[in-house]
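I have placed the structure first, in the form of structure tokens, so that the comments after it can refer back to it.
Predicted model, so just to flag it, every value in this text is computed and none were measured.
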Amino acid sequence: MGLLILIMLLSVAKFWFFDYQFTNDSLVIHSGIFKKNEIIIPFTRIQNVRNSQNFLLRPFKLSKLEIETAAGGADRAEAVLEVVSNEVKTELFSKMNHGKSMTQREKYYQTTYVMGVRQNLLRIISTPGREIGYLIIALVLDNALDVIQMLVKNRTNILEITSNINNEELIFILVIGAVLFAINFIYEIGKFYNFTVVRTKNSLQVSQGLVKRVTKQIPLNKIQTVIVEQSLLQQIVHLASIRLQLAGSQEDDEGLDDAVYFLPLIDINSTFILLNEFLPEWDLRQPNYQLTATETWYFMRWLLLMVPSTLVIFKINPILGMLATVLVVIYCLQRIFQRQSQGYELSHNSIWIRYYSFLNRRQVLINRGKIQEVKYTTTPFLSLKDVGQITIIAKSGNNKLAARQKFVKLDDFVKIQKFYLDK
């Protein structure tokens with residue numbers, strides 16, 4: 001009880017000794033009980049403002065503002081205004097816009113995207129959650145640990161051990177996986193509820209969330225990279241999502257560093273129509289990719305090992321065999337799609353590159369000035385055919401982005417390297 005009272009008193013004192021004010025060109029924050037701190041943030045340095053509003057603050061029209069700058073780093077905001085009114089939020093956005101409020105003409109011409117409930121459900125279904133990966137790991141580890149333990153204790157034949165794996169345990173793990181999927185399903189619905197993007201004169205305003213409504217104000221001049229991404233299922237049904245990588249932004253919750261969702265679900269055929277509506281200054285057009293893949297054999301050669309191994313596993317344990325079969329099918333689909341689609345297009349100052357990251361196909365626009373290195377790796381066998389792998393390493397936000405092209409002719413590497421060196 002005494003500890004609880006102490007925590008409450010410290011919280012009240014922290015709030016009491018915290019104040020901020022807007023000057024003509026900066027935000028000034030004073031804080032600290034015993035050690036006084038002053039933070040001065042020029043409005044021109046603000047790269048993103050994250051506005052969150054949980055169900056307790058919403059009835060009172062209050063919000064929490066997290067102010068991101070390059071100095072704040074990838075894992076934290078430089079300043080946080082815990083509870084502010086909508087008037088304070090509006091004043092901050094006005095200061096960031098050089099004191100100009102949105103005119104009626106600007107409001108009329110603003111572009112808006114709203115993701116409805118049906119689209120949200122389709123997005124979740126077409127992008128299987130990370131718990132599926134956890135489930136596969138659990139299945140493998142559960143049986144692997146049983147096998148190791150029995151080998152150590154009994155020193156019996158490995159075929160006898162794997163044939164006696166308890167299938168009830170596997171079913172239990174499948175049930176746990178289904179529960180995790182259901183929890184993630186509900187979480188994703190709430191997180192992306194009524195996802196809205198509004199383009200104003202100098203920024204993008206992104207809002208999302210049911211229980212906790214979050215709004216991000218993204219200045220256009222902080223956008224570094226455009227990423228068009230498709231999961232394996234989305235490639236089949238011709239859907240996609242678009243993310244933006246920002247200068248000095250915080251790490252994204254979905255695991256892609258410095259990337260924020262821009263258009264979570266769209267028809268792949270309307271990608272560049274929507275991009276040009278929201279970002280007409282970029283003059284983006286559909287790339288005419290130069291495909292880089294060579295013979296199919298290079299992409300599918302591991303099947304010579306995978307298929308016999310799957311048959312052996314299926315004979316030992318049908319459930320594990322079914323799981324291995326699914327993985328082999330997914331591998332084949334990924335390799336087929338990869339061979340048919342990986343490529344690049346060079347323009348005057350940028351490169352569009354299409355590649356695979358595990359099962360996701362990405363199209364990334366990389367500015368020439370952001371490229372840090374172009375690498376070409378090969379093996380003694382592939383070098384005889386002038387075939388290798390190209391890796392383009394680029395500065396993206398606070399991290400590095402590595403875009404790879406597999407089993408590519410040496411001529412393509414020479415073209416990309418010349419593009420990089422001519423900057």
Pairs satisfying ring pair (Phe, Tyr, Trp, His ring centres under 6.0 Å), at least one member in residues 218-243, at least two apart: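 Matches after skipping sequence neighbours: none remain.
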Restricting to side chain to side chain contact (heavy atoms under 4.5 Å, CB included), what partner residues turn up for [X], sequence neighbours left out?
{"X": "Lys64", "answer": "Ser52, Glu66, Val80, Glu82"}
{"X": "Ile236", "answer": "Phe337"}
{"X": "Thr23", "answer": "Gln21, Asp25, Ser26, Val28"}
{"X": "Ile313", "answer": "Leu320, Ala324"}

What heavy-atom pair brings [X] and [Y] nearest, and what distance separates the two atoms?
{"X": "Thr391", "Y": "Ala402", "value": "CG2-CB, 4.3 Å"}
{"X": "Leu305", "Y": "Ser309", "value": "O-OG, 2.8 Å"}
{"X": "Val387", "Y": "Tyr376", "value": "C-OH, 3.2 Å"}
{"X": "Phe419", "Y": "Ile371", "value": "CE2-CD1, 3.9 Å"}
{"X": "Leu291", "Y": "Ser341", "value": "CD2-O, 3.8 Å"}
{"X": "Pro219", "Y": "Ser203", "value": "CA-CB, 4.0 Å"}

Any donor-acceptor pair under 3.5 Å linking the side chain of [X] with the backbone of [Y]?
{"X": "Gln208", "Y": "Lys191", "value": "yes"}
{"X": "Gln230", "Y": "Leu239", "value": "yes"}
{"X": "Tyr420", "Y": "Gln372", "value": "yes"}
{"X": "Ser231", "Y": "Ser126", "value": "yes"}
{"X": "Thr196", "Y": "Asn194", "value": "yes"}
{"X": "Asn367", "Y": "Ser350", "value": "no"}

Qualifying residues under side chain to side chain donor-acceptor pair (under 3.5 Å), relative to Gln205, sequence neighbours excluded: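 For Gln205 there are no side chain to side chain donor-acceptor pair (under 3.5 Å) partners, ignoring immediate neighbours.
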Arg354: side chain to side chain donor-acceptor pair (under 3.5 Å) partners, not counting sequence neighbours: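 Counting only residues at least two positions away or on another chain, Arg354 forms no side chain to side chain donor-acceptor pair (under 3.5 Å).
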Could you work out, with ring-ring contact (aromatic ring centres under 6.0 Å, His included) as the rule, every residue matching [X], not counting sequence neighbours?
{"X": "Tyr298", "answer": "Phe407"}
{"X": "Phe272", "answer": "Trp352"}
{"X": "Tyr113", "answer": "none"}

Please say which of [options] ends up in a side chain to side chain contact (heavy atoms under 4.5 Å, CB included) with [X].
{"X": "Leu244", "options": "Leu204, Ile227, Thr225, Val206", "result": "Leu204"}
{"X": "Val326", "options": "Val328, Ile330, Val329", "result": "Ile330"}
{"X": "Ile366", "options": "Ile393, Leu401, Val226", "result": "Leu401"}
{"X": "Phe195", "options": "Gln119, Met115, Arg123", "result": "Met115"}
{"X": "Val228", "options": "Leu263, Ile266, Ile242", "result": "Ile242"}

Ser207-Arg213 side chain donor-acceptor pair, cut-off 3.5 Å: no
Salt-bridge contact Arg361-Glu229 (side-chain N to carboxylate O under 4.0 Å):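 The answer is no: the pair does not qualify as a salt bridge.
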Pair listing, salt bridge (Lys or Arg N to Asp or Glu O under 4.0 Å) test, anchored in residues 265-290, at least two apart: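 Every pair satisfying salt bridge (Lys or Arg N to Asp or Glu O under 4.0 Å) with a residue in residues 265-290: Arg199-Glu281, Arg285-Glu345.
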Where at least one partner belongs to residues 406-417, residue pairs that pass side chain to side chain donor-acceptor pair (under 3.5 Å), sequence neighbours excluded: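 Qualifying pairs: Gln290-Asp412, Tyr344-Asp412.
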Reference residue Phe192; test ring-ring contact (aromatic ring centres under 6.0 Å, His included); the match among Tyr187, Phe185, Tyr261: Tyr261
Neighbour count >12 (heavy atoms, 6.0 Å) for atom CG, Asn24: no
Within 6.0 angstrom of Trp282 CH2, more than 12 heavy atoms from elsewhere: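 Enclosed: over 12 neighbouring heavy atoms sit under 6.0 Å from CH2 of Trp282.
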Full working for side chain to side chain contact (heavy atoms under 4.5 Å, CB included) between Ile392 and Ile390: CA-CA 7 Å; Ile392 300 175; Ile390 299 174; 4.2 Å; yes
Arg243 to Phe262 six-membered ring, cation-pi geometry met (6.0 Å, 45°): no
